[in-house]
Amino acid sequence: MSLYPSVLFVLLVTMAAAETLRPGFYAQTCPEAEAIVRYEMMKAMIREPRSVASVMRFQFHDCFVNGCDASLLLDDTPNMLGEKLALSNINSLRSFEVVDEVKEALEKACPGVVSCADIIIMAARDAVALAGGPDWVVRLGRKDSLTASQEDSDNIMPSPRANATSLIDLFTKFNLSVKDLVALSGSHSIGEARCFSIMFRLYNQSGSGKPDPAIEPGFREKLDKLCPLGGDENVTGDLDGTSKLFDNQYFKDLVAGRGFLNSDQTLFTFPQTREYVKLFSKDENEFFKAFVEGMLKMGELQSGKGGEIRTNCRVVNSQALDV
């Protein structure tokens with residue numbers, strides 16, 4: 001799917017009009033903000049470990065669609081189809097209630113101060129750190145959007161069937177490099193995905209009626225049992241061999257032909273991305289460093305449209321007053 005030229009223009013040309021992001025943005029207005037977010041994420045992780053991986057992915061799905069503005073979190077209204085039911089999100093993104101819990105805690109401490117867009121950025125960082133990955137200083141100060149667009153999400157977000165070429169093209173449009181693409185794909189170091197996303201790989205890759213030849217035979221047998229033809233496609237499988245630990249096992253699995261998603265395994269089969277997969281499979285510190293750089297760059301994406309600080313992340317403030 002192609003990226004709307006107008007969307008790209010807004011994101012890359014109006015950066016001068018966007019919010020100025022900086023570390024410690026809430027130091028005076030809500031000094032406990034980051035500690036509160038991490039505490040709530042820790043509680044969510046204890047309750048359900050998979051939830052932190054889900055929340056981490058919110059940054060990708062939010063920032064790529066009209067910038068990091070929490071448009072992803074808006075519920076549909078009679079006059080607006082939001083992004084939660086977009087093709088890449090429906091039956092895939094989950095744990096929105098974790099953000100609700102974080103927002104509720106922040107509203108008690110500092111009413112009307114911390115944006116939902118910044119919560120996504122902080123929560124994504126905390127998800128990685130709590131799962132054993134790197135920690136980093138986030139730049140904050142985003143506003144929340146007043147609207148969302150299912151159509152924009154459908155036209156921008158890649159599918160699990162995406163190959164490396166289409167992924168490189170997408171990331172390039174957002175000034176993200178091939179190295180950023182491979183490193184950020186390492187977000188699949190934690191979490192699970194549905195059988196729905198890989199049925200074509202197992203039984204009809206490229207319309208061949210056969211499995212993807214890139215899948216290691218033993219791993220394919222495991223996937224065949226997990227995701228049998230005609231079975232429940234909502235069953236989930238681990239995205240890598242250590243799905244609760246943020247490490248470089250994801251890249252080791254790609255080298256061994258054990259990538260779960262087509263969009264993952266293609267990073268090793270495609271020459272332009274293969275060397276980074278090899279590098280990160282051998283050097284976890286290099287992966288961590290590149291991942292942090294990529295997350296910071298992606299977090300800078302803004303539409304420049306302005307916005308508000310929502311009191312409820314699911315609705316704009318004018319609607320929240322009507323509830």
Side-chain angles (χ1 to χ4, degrees), residues 37-65 68-77 81-105 116-131 133 144 148-150 152-154 156-162 184-199 226-227 231-240 242-246 250 260-261 263-264 295 298 310 312-315:
V37 175
R38 181 154 298 196
Y39 177 68
E40 293 298 322
M41 286 294 290
M42 188 180 302
K43 287 200 303 183
M45 184 178 189
I46 292 171
R47 183 175 68 231
E48 185 190 358
R50 187 183 170 195
S51 66
V52 296
S54 302
V55 174
M56 176 187 61
R57 290 194 235 300
F58 288 173
Q59 178 169 335
F60 295 77
H61 291 250
D62 184 45
C63 292
F64 273 12
V65 183
C68 310
D69 60 2
S71 59
L72 173 71
L73 302 179
L74 288 173
D75 288 340
D76 289 354
T77 71
L81 286 178
E83 297 162 27
K84 289 181 178 178
L85 298 183
L87 294 174
S88 63
N89 301 337
I90 187 171
N91 296 324
S92 177
L93 289 186
R94 54 196 297 279
S95 300
F96 289 99
E97 71 281 356
V98 174
V99 175
D100 294 336
E101 292 164 1
V102 173
K103 181 61 172 174
E104 183 178 356
C116 301
D118 278 345
I119 289 174
I120 290 177
I121 299 297
M122 289 185 279
R125 181 268 311 273
D126 293 345
V128 173
L130 289 170
D144 299 325
S149 172
Q150 184 178 122
D152 284 352
S153 182
D154 283 340
I156 294 169
M157 293 303 295
S159 82
R161 301 189 180 202
L184 290 173
S185 296
S187 65
H188 287 171
S189 170
I190 55 175
E192 303 173 6
R194 294 185 300 149
C195 287
F196 170 81
S197 300
I198 64 168
M199 296 304 285
L226 178 70
C227 308
D232 182 358
E233 295 187 2
N234 286 317
V235 169
T236 59
D238 295 339
L239 284 168
D240 80 352
T242 55
S243 65
K244 292 180 175 62
L245 182 65
F246 194 96
Y250 166 82
F260 191 84
L261 300 174
S263 54
D264 290 333
M295 289 292 276
M298 179 169 50
R310 290 184 215 140
N312 179 338
C313 292
R314 294 175 179 264
V315 296

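Residues take their numbers from the sequence shown, with the count starting at 1.
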### Query
Does any N or O in the side chain of Thr242 come within less than 3.5 Å of the main-chain N or O of Ser189, such that one atom is a donor and the other an acceptor?
no

### Sequence-distant partners of Tyr39, side-chain contact (heavy atoms from CB on, under 4.5 Å), two or more places apart
Lys43

### Summary
Rounded to the nearest 0.5 Å, the CG atom of Asp240 sits from the CD atom of Glu192 at a distance of 11.0 Å

### Message
For the CG atom of Leu74 and the CG atom of Asn312, what is their distance to the nearest 0.5 Å?
### Response
9.5 Å

### Query
How far apart are the closest heavy atoms of Val128 and Met56, and which atoms are they?
CG2-SD, 3.4 Å

### Query
Closest heavy-atom contact between Cys313 and Val99?
SG-CG1, 4.1 Å

### Message
For Gln150, is there any backbone N or O sitting under 3.5 Å from a side-chain donor or acceptor partner on Ser153?
### Response
no

### Query
Between Leu72 and Leu93, is any pair of side-chain heavy atoms under 4.5 Å apart?
yes

### Task
Please name the pair of heavy atoms, one in Arg310 and one in Val315, separated by the smallest distance, quoted to 0.1 Å.
CD-O, 3.3 Å

### Query
What are the two closest heavy atoms between Asp62 and Ala70, and how far apart are they?
OD2-N, 2.9 Å

### Task
Applying side-chain contact (heavy atoms from CB on, under 4.5 Å), name anything that partners Ser149, two or more places apart in sequence or on another chain.
Glu151, Asp152

### Query
How about Leu239 and Ile190: do any of their side-chain heavy atoms sit closer than 4.5 Å?
no

### Message
Could you go through Ser71 and Glu83, starting from their C-alpha distance and side-chain angles, then the distance that decides it, and tell me whether this counts as side chain to side chain donor-acceptor pair (under 3.5 Å)?
### Response
CA-CA 7 Å; Ser71 59; Glu83 297 162 27; 2.8 Å; yes

### Message
Quick check against the 3.5 Å criterion: does Asp126 have a side-chain atom that pairs as donor or acceptor with the backbone of Met41?
### Response
no

### Query
Between His188 and Tyr250, what is the ring plane arrangement, given parallel below 30°, perpendicular above 60°, and tilted in between?
perpendicular

### Heavy-atom check, side chain of Glu97 versus side chain of Ser95, under 4.5 Å
yes

### Message
For a quick test of reading the model, state the closest non-hydrogen atom pair linking Gly191 to Arg57 and the distance between them.
### Response
CA-NH2, 3.5 Å

### Query
Do Arg47 and Val98 touch side chain to side chain, with heavy atoms closer than 4.5 Å?
yes

### Task
Taking ring-ring contact (aromatic ring centres under 6.0 Å, His included) as the test, write out the residues that go with Phe260, two or more places apart.
none

### Message
Can you confirm whether Cys63 sits close enough to Ile121 that some side-chain heavy atom of one is under 4.5 Å from a side-chain heavy atom of the other?
### Response
yes

### Spatial distance of atom CD1 (Ile198) from atom OG (Ser263) [nearest 0.5 Å]
11.5 Å

### Task
Check whether more than 12 heavy atoms from other residues, nucleotides or ligands sit under 6.0 Å from atom CZ of Phe196, and answer yes or no.
no

### Message
How long is the straight-line distance from CZ of Phe96 back to OG of Ser54, given to the nearest 0.5 Å?
### Response
9.0 Å

### Task
Report the distance from atom CG of Leu85 to atom CG of Asp154, rounding to the nearest 0.5 Å.
10.0 Å

### Query
Among all residues two or more places apart in sequence or in another chain, which pass the side-chain hydrogen bond (donor to acceptor under 3.5 Å, both in side chains) test with Ser185?
none

### Query
In Å, rounded to the nearest 0.5 Å, how long is the span from SG of Cys68 to CE of Met298?
7.0 Å

### Message
Tell me whether Asp76 is salt-bridged to Lys84, with the criterion being a basic N under 4.0 Å from an acidic carboxylate O.
### Response
no

### Query
Under the side-chain hydrogen bond (donor to acceptor under 3.5 Å, both in side chains) test, which residues partner Arg194, sequence neighbours left out?
Asn234

### Task
State, with a plain yes or no, whether a side-chain heavy atom of Asp232 is found less than 4.5 Å away from one of Cys195.
no

### Message
For a quick test of reading the model, state the closest non-hydrogen atom pair linking Ser88 to His61 and the distance between them.
### Response
O-CE1, 3.6 Å

### Query
Would a distance-only check, ignoring hydrogens and angles, find a side-chain to backbone donor-acceptor pair under 3.5 Å from Glu40 to Ala105?
no

### Task
State, yes or no, whether a side-chain contact exists between Asp144 and Leu73 at a heavy-atom distance under 4.5 Å.
no

#### Entry: Results of side-chain hydrogen bond (donor to acceptor under 3.5 Å, both in side chains) for Glu233 - residues two or more places apart only
none

### Query
With side chains defined as the heavy atoms from C-beta onward, is the minimum distance between Met122 and Arg38 less than 4.5 Å?
no

